[in-house]
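Written below as structure tokens is the structure these notes are about.
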Amino acid sequence: MSNLPDDTNWAVSEFADAELGDVRRTKRLVELAHVLAQHPTAALPEACGDGAMLKAAYRFFANDAIEPQDFLSSHIEATYSRLHQVPLVLAVQDTTEVDWTSHLATQGLGPLGHTACQGLLVHSTLAFTPERVPLGLLAQHVWARDPDDVGKRTRRKQLPISQKESQKWLTSLEAVGSAHDGCPQTRFVSVGARDA
């Protein structure tokens with residue numbers, strides 16, 4: 001990505017290797033990551049600053065040809081390069097609820113802890129040093145619960161673990177194993193909540 005504005009920019013090192021089917025999409029991803037990182041708590045219109053960047057952001061996020069895993073893979077590869085540099089990594093995993101109940105026009109959401117709340121679940125595995133320095137993501141899975149499954153607790157007990165939400169813990173552990181395979185000199189400690 002030699003045509004990117006600043007090769008020392010962290011967004012270049014994290015996302016320049018993302019294979020999005022077109023080099024222009026990858027360039028846009030790098031630009032968006034850089035712009036959004038400047039204002040991490042701002043709403044998208046405020047973070048983008050101008051109408052052209054905002055329109056480009058909406059078009060990028062609405063592009064069906066781009067899957068989140070496509071650019072997450074580039075970030076995970078960049079994370080691996082940092083893992084090589086440390087002797088011990090804490091791979092911390094947990095689930096976050098993204099509550100979009102007030103966004104009535106949003107589609108594809110599912111029930112959260114309370115059926116009146118709608119949103120997505122995000123299970124992330126983040127690598128840290130013991131000194132609490134973040135190294136990057138090792139894995140991330142985003143999903144919406146099926147509204148038809150609410151109240152069917154007995155059915156859940158009959159399902160194999162691969163069809164349960166509990167699979168997220170094992171998938172995260174597999175990602176830690178893959179990171180260890182890629183960085184065999186680094187020791188990994190997988191950390192999860194009590195229900196892990």
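This chain uses plain numbering: 1 for the first residue, then up along the sequence.
Side chain of Thr106 to backbone of His103: a donor-acceptor contact under 3.5 angstrom is found. Between the side chain of Ser81 and the backbone N or O of Ala78, at least one donor-acceptor pair lies under 3.5 Å. Side-chain N or O atoms of Gln140 include none that pairs as donor or acceptor with a backbone N or O of Leu72 at under 3.5 Å. Tyr80 contributes a side-chain N or O that, together with a main-chain N or O of Ala179, makes up a donor-acceptor pair within less than 3.5 Å. At distances below 3.5 Å, at least one donor-acceptor pair connects side-chain atoms of Arg82 with backbone N or O atoms of Leu135. For Ser124 (side chain) and Leu126 (main-chain N/O), no donor-acceptor pair under 3.5 Å exists by modelled atom type.
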Show me the donor-acceptor pairs within less than 3.5 Å that the side chains of residues 38-58 make with the rest of the protein, sequence neighbours left out.
| residue | atom | partner | partner atom | Å |
| --- | --- | --- | --- | --- |
| Gln38 | NE2 | His34 | O | 3.3 |
| Asp50 | OD1 | Ala52 | N | 3.1 |
| Asp50 | OD1 | Met53 | N | 2.7 |

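By the side chain to side chain contact (heavy atoms under 4.5 Å, CB included) test, Ser172 is found to be paired with Gln93, His123, Thr125, residues two or more places apart in sequence or in another chain being considered.
In this structure, Thr101 and Cys117 approach most closely via the heavy-atom pair OG1-CA, 3.1 Å. Between Glu97 and Gly113 the shortest heavy-atom distance is OE2-N, 3.3 Å. When all heavy atoms are compared, the tightest approach of Ala18 to Ser74 is N-OG, 3.4 Å. Listed here is the closest heavy atom pair of Gly110 and Ala144: N-CB, 3.7 Å. Annotation for Leu137 and His75: closest pair N-NE2, 2.9 Å, computed over non-hydrogen atoms. What you find for Phe71 and Leu20 is that their closest heavy atoms are N-CD2, 4.2 Å.
Cluster membership for Leu121 and Val142, using ILVMFWY side-chain heavy atoms within less than 4.5 angstrom, is not shared. Grouping the Ile, Leu, Val, Met, Phe, Trp and Tyr side chains by contacts below 4.5 angstrom, directly or via other members, places Val189 with Val89. Ile76 and Leu173 fall into different hydrophobic clusters, where Ile, Leu, Val, Met, Phe, Trp and Tyr residues are linked whenever their side-chain heavy atoms come under 4.5 Å apart, directly or through other members.
Side chains of Trp169 and Asp195 form a contact here, defined as non-hydrogen atoms less than 4.5 Å apart. In this structure, the side chains of Thr186 and His180 stay at 4.5 Å or more apart for every pair of heavy atoms. Side-chain contact check for Phe128 versus Val92: some heavy-atom pair is nearer than 4.5 Å. Side-chain contact between Lys168 and Thr95 is present, with at least one heavy-atom pair separated by less than 4.5 Å.
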Pair Asp99-Leu112, side chain to side chain contact (heavy atoms under 4.5 Å, CB included): steps then yes or no | CA-CA 8 Å; Asp99 188 341; Leu112 297 174; 3.9 Å; yes

May I have the step-by-step check of side chain to side chain contact (heavy atoms under 4.5 Å, CB included) for Leu138 and Val176, ending in yes or no?
-> CA-CA 7 Å; Leu138 297 177; Val176 174; 4.3 Å; yes

Would you check, one step at a time, whether the test side chain to side chain contact (heavy atoms under 4.5 Å, CB included) holds for Trp143 with Leu120?
-> CA-CA 6 Å; Trp143 74 99; Leu120 299 173; over 6 Å; no

Go through the steps to decide whether Phe61 and Ile66 satisfy the test side chain to side chain contact (heavy atoms under 4.5 Å, CB included), and finish with yes or no.
-> CA-CA 8 Å; Phe61 295 131; Ile66 301 172; over 6 Å; no

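Atom OG1 of Thr26 and atom CZ of Arg24 lie 11.0 Å apart (nearest 0.5 Å). Taken from CD in Glu77 to CD in Glu14, the straight-line distance is 11.0 Å, to the nearest 0.5 Å. With rounding to the nearest 0.5 angstrom, the CD atom of Gln118 is 12.5 Å from the CD atom of Gln107. Interatomic distance, CG of Asn9 versus CD of Glu31, reported as 10.0 Å (0.5 Å rounding).
In this structure, Trp10 and Phe15 have perpendicular ring planes: the angle between them is above 60°, well past the 30° mark.
The residues Arg25 and Glu67 are annotated as not salt-bridged, no charged nitrogen and carboxylate oxygen being separated by less than 4.0 angstrom.
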